[in-house]
Amino acid sequence: MSDKPVLLIPRKLAADVLDRARATYNVILNDDDHVFDRDELIAACQNADAVLPCHSEHFNADVIAALPDRLKIIANHSVGVDHVDLAAAKARGIVVTNTPDVLSDATAEIAILCMLGAARRGSEGDRMVREGRWNFWSPAFMVGRQVTGRRFGVLGMGRVGQVTADRARGFGMEVHYHNRSRLSPDKEKGAIFHDSVESLLTVSDVLSLHCPTTPDTIGLINARTLDMLPDRAILVNTARGALVDEDALVAALQSGRLFAAGLDVFRTEPGGNPELAKLDNVFMLPHIGSATFETRDAMGFRALDNLDAFFDGGTPGDRLV
C-alpha cells in the first residue's frame with residue numbers, strides 16, 4: 001500500500017492541478033462534480049488525511065465535529081473562508097489554509113467589468129441585439145453613465161480592493177476607501193481614506209465591495225446605507241452576496257435611487273435572485289471573479305503548496321488556523 005497521504009478533492013479542478021496532486025497524494029475525487037451535501041461531505045472525509053475544498057463545501061461546526069481524527073488539514077481553494085468554522089477547526093487541531101494573492105487581478109477585472117456593464121447598460125443592450133429588438137437609434141437611445149472622472153469608493157482595501165482601485169485609476173477616477181486600518185502611503189497611492197463606512201458612502205459615485213463576510217458585515221448594504229450614496233450611484237459587488245440586503249437593493253434600483261448595480265455574487269448561489277433578474281439596470285454574472293485559466297491553476301497550485309509544506313513537516317505559508 002502506498003504511504004502517500006490521502007487527499008480528498010470534492011470538486012473538479014484544473015487538469016494540471018490534478019496531475020500534480022496525483023504525483024504526491026492518493027487522491028479521492030468526486031467524479032460527477034456535484035456539490036456534496038452534509039452527509040456526503042462527512043462520509044467522503046472519513047478515509048482522508050487532508051481535504052482541498054472550494055467555497056461550495058461547508059465545514060461548519062457540526063461537520064468538523066464529525067471529521068475523523070486522521071484528517072489534519074483543510075487546504076481551501078479560495079481566499080474567503082466563511083465556509084469554514086475556524087474556531088471549530090482550531091479546537092479539533094485541524095490546520096486551515098487559503099489561497100491569497102493569486103486571484104486579485106482576475107477578480108479586479110470582473111469588478112471593472114461589472115462597473116462598466118452597469119454604467120453603460122450592458123445587459124440591456126446585449127439582450128436587445130440578441131433578441132432582434134434593435135431597430136431604432138437617436139441621441140437619447142441607451143444613454144448610460146460615464147465613469148471617467150467619477151469618485152470610486154472601495155469598501156475593504158485588501159489585496160483585491162487595491163488592485164481594483166489601480167484599475168479604476170486608469171479611468172481617471174478619484175479613489176476613496178474605508179478599511180479596518182489605514183494603508184501605508186505606498187499602498188494608498190493617493191487614495192482618500194475614510195474612517196467610517198458612512199463617510200465613504202456619501203462620496204461614492206461607484207461603490208465597490210471587497211470586504212469579507214463577518215457578523216459585522218452581513219447586510220451592511222441595506223436600505224439605510226444605500227440611501228447614503230449619491231443620487232443615481234452604481235453598486236458593484238464581487239465579494240460576497242451576504243453583504244447586501246437584496247430586497248433593499250431591488251427597491252433602490254426600481255425607484256431610480258440607484259442608477260444600476262453590477263453583481264458577481266448573490267445571497268443564493270447558485271441561482272441568484274429572480275427579482276434582481278427582472279430589472280434592466282442590473283448587470284449580473286454567475287460568481288466568476290476568479291474564473292480564468294491562469295488563476296484557477298494558480299489557486300490549485302497554491303493550495304497544493306500549503307499541503308506539501310504541511311506534510312513535509314513545515315508550516316504552510318497561508319495558514320489561518
Side-chain angles (χ1 to χ4, degrees), residues 79-80 99-126 142-194 197 199-212 221 229-240 243-244 258-265 281-299:
V79 173
T99 58
D101 302 321
V102 296
L103 51 70
S104 301
D105 288 328
T107 305
E109 289 176 0
I110 287 292
I112 296 301
L113 174 60
C114 285
M115 176 181 72
L116 295 175
R120 300 302 297 271
R121 303 171 64 174
S123 292
E124 188 180 356
D126 179 77
M142 287 291 293
V143 176
R145 294 210 70 186
Q146 189 163 304
V147 300
T148 301
R150 298 286 183 179
R151 297 168 297 179
F152 186 77
V154 180
L155 184 51
M157 197 69 140
R159 296 176 184 89
V160 177
Q162 290 174 46
V163 176
T164 306
D166 283 343
R167 304 297 181 263
R169 290 184 179 98
F171 290 91
M173 303 185 80
E174 180 180 82
V175 176
H176 296 249
Y177 77 98
H178 171 71
N179 204 45
R180 285 175 293 184
S181 57
R182 185 168 184 171
L183 301 182
S184 59
D186 62 310
K187 291 184 177 179
E188 202 169 61
K189 299 180 181 178
I192 300 167
F193 175 67
H194 294 258
V197 174
S199 174
L200 174 68
L201 296 180
T202 63
V203 299
S204 296
D205 298 312
V206 177
L207 177 67
S208 190
L209 307 183
H210 299 284
C211 48
I221 304 304
L229 291 167
D231 190 43
R232 295 177 66 73
I234 293 168
L235 176 70
V236 173
N237 188 10
T238 57
R240 286 289 185 265
L243 300 174
V244 177
L258 286 187
F259 180 76
L263 308 173
D264 186 44
V265 290
N281 56 342
V282 183
F283 181 87
M284 296 184 292
L285 295 171
H287 201 152
I288 57 171
S290 61
T292 67
F293 294 113
E294 296 85 354
T295 298
R296 288 288 188 251
D297 281 349
M299 292 172 71

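The chain is numbered in sequence order, starting from 1.
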(Q) Does Arg150 form a side chain to side chain contact (heavy atoms under 4.5 Å, CB included) with Met115? I'd like the steps, not just the answer. (A) CA-CA 12 Å; Arg150 298 286 183 179; Met115 176 181 72; over 6 Å; no
Q. Are the side chain of Asn281 and the backbone of Phe259 linked by a donor-acceptor contact shorter than 3.5 Å?
A. yes
Q: Using the side chain to side chain contact (heavy atoms under 4.5 Å, CB included) rule, pick out the option among Val206, Leu207, Ile110 that qualifies with Val236.
A: Val206
**Q.** Closest heavy-atom pair and its distance - Met299, Thr99
**A.** O-CG2, 3.4 Å
Q. Asp166: what forms a side chain to side chain contact (heavy atoms under 4.5 Å, CB included) with it, not counting sequence neighbours?
A. Arg169, Lys189
Q.
Treating Tyr177 as the side-chain partner and Leu183 as the backbone partner, does any N or O pair qualify as donor plus acceptor under 3.5 Å?
A. yes
Q: Identify, with sequence neighbours excluded, every residue that meets side-chain hydrogen bond (donor to acceptor under 3.5 Å, both in side chains) alongside Asp205.
A: Arg151
(Q) Applying side chain to side chain contact (heavy atoms under 4.5 Å, CB included) to Val160 and Leu103, what does each step give before you reach the verdict? (A) CA-CA 8 Å; Val160 177; Leu103 51 70; 4.2 Å; yes
Q. Side chain to side chain contact (heavy atoms under 4.5 Å, CB included) with Ile221: which of Leu229, Leu209, Asn237?
A. Leu209
Q: Show your working on side chain to side chain contact (heavy atoms under 4.5 Å, CB included) between Arg167 and Asp105 and close with a plain yes or no.
A: CA-CA 9 Å; Arg167 304 297 181 263; Asp105 288 328; 3.0 Å; yes
Q. Is there side-chain contact between Arg240 and His287, with at least one heavy-atom pair below 4.5 Å?
A. yes
(Q) Using every non-hydrogen atom in the two residues, find where Ala111 and Thr164 come nearest and quote the distance to one decimal. (A) CB-CG2, 3.8 Å
Q | Exercise: identify the closest heavy-atom pair between Met157 and Val175 | A | CE-CG1, 4.1 Å
Q | Closest heavy-atom pair and its distance - Cys114, Leu285 | A | SG-CD1, 4.0 Å
Q) Closest heavy-atom contact between Ser204 and Ala233? A) O-CB, 3.7 Å
Q: Could you check Leu113 against Phe283 for side chain to side chain contact (heavy atoms under 4.5 Å, CB included), going step by step and ending with a plain yes or no?
A: CA-CA 9 Å; Leu113 174 60; Phe283 181 87; 4.0 Å; yes
**Q.** Atom pair CD/CG of Glu188 and Asn179 - distance to nearest 0.5 Å
**A.** 10.0 Å
Q: Enter the distance from Phe171:CZ to Ile112:CD1 here, rounded to the nearest 0.5 Å.
A: 6.0 Å
Q. Shortest non-hydrogen contact from Thr292 to Ala106?
A. CG2-CB, 4.0 Å
Q) Are the side chain of Arg145 and the backbone of Ile234 linked by a donor-acceptor contact shorter than 3.5 Å? A) no
(Q) Is the ring pair His194/His176 parallel, tilted or perpendicular, if the boundaries are 30 and 60 degrees? (A) tilted
Q.
Just verifying a value: how many Å separate His210 NE2 and Gln162 CD, rounded to the nearest 0.5 Å?
A. 11.0 Å
